[in-house]
Q: 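Starting off with a structure, shown below.
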2 protein chains.
Amino acid sequence: MDMSTVSEIDIDQLAASQLKSIKQRYTKNRRQLIAILLEATKPITINQILESDSELAQSSVYRNLAILEQAGLVVRIITNDDHAHYELAEHILDHHHHIICSPCGEILDFHLSAKIEKALESSLKKIADDFGFSIDRHRLDLLGTCGDCIE
Amino acid sequence: MDMSTVSEIDIDQLAASQLKSIKQRYTKNRRQLIAILLEATKPITINQILESDSELAQSSVYRNLAILEQAGLVVRIITNDDHAHYELAEHILDHHHHIICSPCGEILDFHLSAKIEKALESSLKKIADDFGFSIDRHRLDLLGTCGDCIE
DNA sequence: CCTATAATAAGAATGATTCTCATTATTGCA
DNA sequence: TGCAATAATGAGAATCATTCTTATTATAGG
């Protein structure tokens, strides 16, 4: 299997189709956001997006990320950091979790072994049933301090 | 084992001692916050705290919850909801995770079986090492829709 | 009982995010 | 291809949870 679950060409089709299903267009700005998130390889903030492309208007970035999130293409990640982080949804990347540095706010992706992930999922399914919840997804975060911030 | 890891009497001693270690006093307001969180049995928002005791000043509640968090007595929980939720730290309650209803913002606690929790922890320890992270804690959230919001 | 120091609380300030609305782009149809 | 009709854009205003300021009040320790 190659690096990503979905090839870059397919992403455009996927994005167009998922946006269409909520009656939204796949515009130049939205295409650009997807491209930036794809290059980032880790969750990034709105400020980082604005720095990486000075053509983008802040208000449009906020609005379009919200729309991409509604379309299920992008996930917004909230931590104790002031700024939200954004990354592509798991069916575009793959299922993973986040390791978060509390001092600097950086977020990196990590993967659980298939075995533990599976055991966890089946546990969680049972728990959701017990609570009468309908589950969308789970998230697992590791909170601590990265090597750079330890010194 | 009884309902909580630490009995109510011990909490006062614990709170006093943990506050002292960061040179803070265990005042009437802070005692009251601990009591409210203990009664809540689930994570609650600042608004809910203010509603439950009209004597408390909003600014003091914010400040004191931040201090209780620094002392390691309280945990602040951030979700996609606008309002942060607060609950007592895990050495006062016990280690647990959160099931979150996206529509209404409600948060409930759940427990993983000891077996899976243990397997997960040892996995996470290895991953933290690989990343050169020093880990404080992990958190696992189940995101979905509660029974009340499904109808 | 004093005095120094910390905590309190009312309201102002901050800042990420959301909203407004006039302008610009796009789509579908003739 | 040209023309509405409709959607997207972007600049700046508004919102609102949270944090900060500061004058007042409480507390601890000699």
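In what follows, chains carry the letters A, B, and so on, assigned in the order in which the sequence lines appear, proteins first and then strands, with residues in each chain numbered from 1.
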Q: Would you tell me if any nitrogen or oxygen in the side chain of Thr27(B) comes within less than 4.0 Å of OP1 or OP2 on dA7(C)?
A: no
Q: Can you check side chain to side chain donor-acceptor pair (under 3.5 Å) on Glu106(B) and His85(B), steps first, answer last?
A: CA-CA 9 Å; Glu106(B) 170 127 302; His85(B) 288 66; over 6 Å; no
Q: If I take atom CD in residue Gln70(A) and atom P in nucleotide dA7(D), what distance separates them, rounded to the nearest angstrom?
A: 15 Å
Q: Do Arg31(B) and Asp12(B) pass the salt bridge (Lys or Arg N to Asp or Glu O under 4.0 Å) test, and can you show the C-alpha distance, the side-chain angles, and the key distance before you say yes or no?
A: CA-CA 8 Å; Arg31(B) 205 178 291 266; Asp12(B) 277 343; 3.7 Å; yes
Q: Just the rounded figure in Å: distance from P of dT9(D) to CD of Gln32(A).
A: 12 Å
Q: To the nearest Å, how far apart are Tyr26(A) OH and dA25(C) P?
A: 20 Å
Q: Tell me whether Ile107(A) is reachable from Leu143(B) by hopping between hydrophobic residues (I, L, V, M, F, W, Y) whose side-chain heavy atoms are closer than 4.5 Å.
A: no
Q: What's the shortest heavy-atom distance between His97(A) and Leu140(A), and which atoms?
A: CB-O, 3.1 Å
Q: In whole Å, what is the span from the CG atom of Leu50(A) to the P atom of dA11(D)?
A: 11 Å
Q: What's the closest nucleotide to the Arg30(B) side chain, out of dT9(D), dA7(C), dT27(C)?
A: dA7(C)
Q: How many whole angstroms separate atom CD1 of Ile49(B) from atom C1' of dT18(D)?
A: 14 Å
Q: Do His95(B) and His138(B) pair up side chain to side chain, a donor and an acceptor below 3.5 Å, judged on atom types alone?
A: yes
Q: Round to the nearest Å and state the distance from Arg25(A) atom CZ to dA5(D) atom P.
A: 15 Å
Q: Side chain of Asn64(B) only, please: which of dT8(C), dG10(D), dA8(D) is the nearest?
A: dT8(C)
Q: With a 3.5 Å cut-off and no angle check, do the side chains of Gln18(B) and His91(B) form a donor-acceptor pair?
A: yes
Q: For the pair made of CG in Asp81(B) and P in dC16(D), what is the distance, rounded to whole Å?
A: 14 Å
Q: Quick one: which protein N/O atoms are closer than 3.5 Å to N/O atoms of nucleotides 17-21 of chain C? Pair and distance per line, please.
A:
| residue | atom | partner | partner atom | Å |
| --- | --- | --- | --- | --- |
| dT17(C) | OP1 | Ala84(A) | N | 3.3 |
| dT17(C) | OP2 | Tyr62(A) | OH | 2.7 |

Q: What is the distance, to the nearest angstrom, from the CG atom on Asn29(B) to the P atom on dA6(C)?
A: 18 Å
Q: Any donor-acceptor pair under 3.5 Å linking the side chain of Arg30(B) with the backbone of Arg25(B)?
A: yes
